Amino acid sequence: MDHFTYRDGVLCAEDVPLSQIAEAVGTPFYCYSTATLEHHYKVFADALSGLDATVCYAVKANPNIAVISTLARLGAGADVVSGGELKRAMAAGVPPEKIVFSGVGKTRDELAQAIASGVMQINVESEPELQALNDVAMEAGVKAPVALRINPDIDAKTHAKISTGKSENKFGIEWTRAHAVYSRAAKMPGIDITGVAVHIGSQLTDLQPFHDAFRRLRDLVAMLRADGLPIRRLDLGGGLGIPYDGEPTPGPAEYAAVVRDTVADLGCSLVFEPGRMIVGNAGVMVSRIIYVKEGATRTFLIIDAAMNDLMRPSLYDAYHAIVPVSEPAGNAPQKPVDVVGPVCETGDTFCRQRPMPPVAAGDLLALRTAGAYGAAMASTYNTRPLLPEVLVSGKAFSLVRKRVEVEDIIAMDRLPAWISPAG
Ligand SMILES: *Cc1c(COP(=O)(O)O)cnc(C)c1O
């Protein structure tokens, strides 16, 4: 469910025509819908009602402060994976006691920052990190609240680049080692063990891997408790997939049923880290067609957005629905096209041989379901401006990130002393 619909022949974000935003901020741009963000957060939180649950929005999916604040106002916590994201979450008003710090390579500085900020929990992913955190906590004279992230060796059945719960993945402590590492952690003066964490991957559209991972977690909790280790909190990670192509996927209610089925009776408080599920279809990327190029074997729509603006298609072969902002006639003939960007790489392709209604140079296109891992992954490759972000609420819209212009990008470079500036 989202709030991007055609009204009077124009695709709107809530009550605002995307063409109006294009006039105001130029193209390409990202646009997010407040009502959609709020809807998804509420559906997810409601599915967990009755459970002792904290929903910590995974900031990396869309780190815009306006997005985080929108969710924080509804009660969301945050899951962060860097010192930078921790600062963002706090700047957006997320209380530190609702922040989880995850990530496979946290530096000592980041661990110290997390401790000083008073975060709810630090998820430790290796023995060297556990040792480092113990040292840093002792220097600070505190006990750090820690969950060990366990790698349950479960195939998430998702794209290889976003699968994180198999033993060959870099994430987490092998579940077969978990018992030994917990015993070690229990003796460390700077460590306060709060619980166990898992996150097996992203864009899961099959619930069985969640089920298997949570069962494994359950067995582990029983084993740790039998040894007198107090496990009070389970962090079940994120990863619930969303429908990019309209295919039905399991929703929060079905996911919550798996949680109830596997770990709800353990007497633990639960933490969830949804990212994509909350923001994915709350965003679109809008771009203008520069040229329609009739190639020898196919038609290319060359648009003013490229792989640097939305990486998912080139990185994961991901599908994004692409629709004209001006509503096509219901009986418009469809013709296969390739939608591509201007970047000098063949991978800079948003879709191949996709049936589309007739469009022309100058028309606006919306790439849907672009709210997660879109702007977050954008770069200035090819010295292209970093695209702006707009948040809509009802009839209002606001620029929530300005375009980073070419001048701003070039101004970051410096010439060394041995090269005199040209001219
Ligand atoms: C990326 C990530 C998430 C969010 O994943 P989604 O698929 O966006 O829900 C949650 N937890 C951790 C540890 C992550 O790395």
Side-chain angles (χ1 to χ4, degrees), residues 37 40-41 43-45 47-48 53-63 67-68 71 76-82 84-86 89 98-106 110 114 119-126 129 146-152 156-166 169-173 195-207 209-210 213-214 217 234-244 249-252 255-256 259 270-283 311-312 315-316 318 369-377:
L37 287 170
H40 285 299
Y41 178 80
V43 167
F44 193 86
L48 302 168
T54 306
V55 179
C56 293
Y57 164 61
V59 166
K60 77 172 190 282
N62 186 323
V67 170
I68 306 172
L71 299 170
D79 168 55
V80 302
V81 294
S82 70
E85 284 192 354
L86 174 54
K98 282 192 190 171
I99 297 180
V100 174
F101 198 156
S102 305
V104 74
K106 298 185 268 322
E110 287 177 317
V119 299
M120 165 169 73
Q121 174 173 301
I122 300 171
N123 290 354
V124 166
E125 298 210 17
S126 67
E129 186 190 12
V146 167
L148 295 188
R149 174 168 173 185
I150 299 307
N151 184 323
K157 302 199 176 70
T158 183
H159 192 280
K161 284 183 184 161
I162 47 176
S163 180
T164 60
K166 284 285 285 173
N169 299 135
K170 68 181 176 180
F171 300 95
I173 295 165
V196 192
V198 282
H199 171 73
I200 57 173
S202 195
Q203 185 54 16
L204 274 74
T205 53
D206 176 358
L207 293 175
F210 283 123
F214 299 166
L217 203 62
L234 297 182
D235 180 340
L236 301 179
L240 186 57
I242 58 172
Y244 282 92
T249 54
Y255 171 79
V259 173
L270 303 175
V271 174
F272 296 88
E273 305 170 348
R276 189 189 309 271
M277 164 66 216
I278 307 289
V279 292
N281 70 6
M311 266 178 76
R312 299 188 65 261
L315 195 57
Y316 313 128
T369 322
Y373 308 103
M377 287 185 167

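Source: prediction; values computed, not measured. Counting starts at 1 for both ligands and their atoms, following the listed order.
K161 contributes a side-chain N or O that, together with a main-chain N or O of L315, makes up a donor-acceptor pair within less than 3.5 Å. Side-chain N or O atoms of N151 include one that pairs as donor or acceptor with a backbone N or O of K166 at under 3.5 Å. Counting only distance, with no hydrogens or angles, the side chain of Q203 and the backbone of I242 share a donor-acceptor pair below 3.5 Å. A donor-acceptor pair under 3.5 Å is absent between the side-chain atoms of S102 and the main chain of N123, judged by distance alone. T164 places a side-chain N or O within 3.5 Å of a backbone atom of I200 that can act as its donor or acceptor partner. No donor-acceptor distance shorter than 3.5 angstrom exists from the side chain of Y373 to the backbone of M311, with no hydrogens or angles considered.
Across L37, T369, I68, a single residue satisfies side chain to side chain contact (heavy atoms under 4.5 Å, CB included) together with V279, and that is L37.
Short contacts between ligand 1 and R276, defined as distances under 4.0 Å to a heavy atom of the residue, involve ligand atoms 6 (P), 8 (O), 9 (O). The ligand atoms of ligand 1 that sit less than 4.0 angstrom from a heavy atom of R149 are 13 (C). Close approach to G275 involves these atoms of ligand 1, each under 4.0 Å from a residue heavy atom: 6 (P), 8 (O), 9 (O).
Using a 4.0 Å cut-off between heavy atoms, M277 makes no contact with ligand 1 at all. Contacts between D79 and ligand 1, counted as non-hydrogen atom pairs separated by less than 4.0 Å, involve the side chain only. By the criterion of a heavy-atom distance under 4.0 Å, the side chain of A58, and not its backbone, is placed next to ligand 1. Only the side chain of H199 comes within contact range of ligand 1, with a heavy atom under 4.0 Å; no backbone atom does.
Checking only distances, S102 never comes within under 3.5 Å of ligand 1, N or O to N or O. Among the atoms of G239, some N or O lies under 3.5 angstrom from an N or O of ligand 1.
Atom 12 (C) of ligand 1 has as its closest protein heavy atom E273 OE1, 3.4 Å. Scanning all protein heavy atoms for the shortest distance to atom 7 (O) of ligand 1 gives S202 OG, 2.3 Å. Scanning the protein for heavy atoms near atom 1 (C) of ligand 1, the closest one is K60 NZ, 1.3 Å.
The shortest heavy-atom distance from Y373 to ligand 1 is under 4.0 Å. For the pair A372 and ligand 1, no heavy-atom separation below 4.0 Å is found.
Taking E125 as the reference, R149 meet the side chain to side chain donor-acceptor pair (under 3.5 Å) condition, with sequence neighbours excluded. Residues meeting the side chain to side chain donor-acceptor pair (under 3.5 Å) test with E129, sequence neighbours left out: K106.
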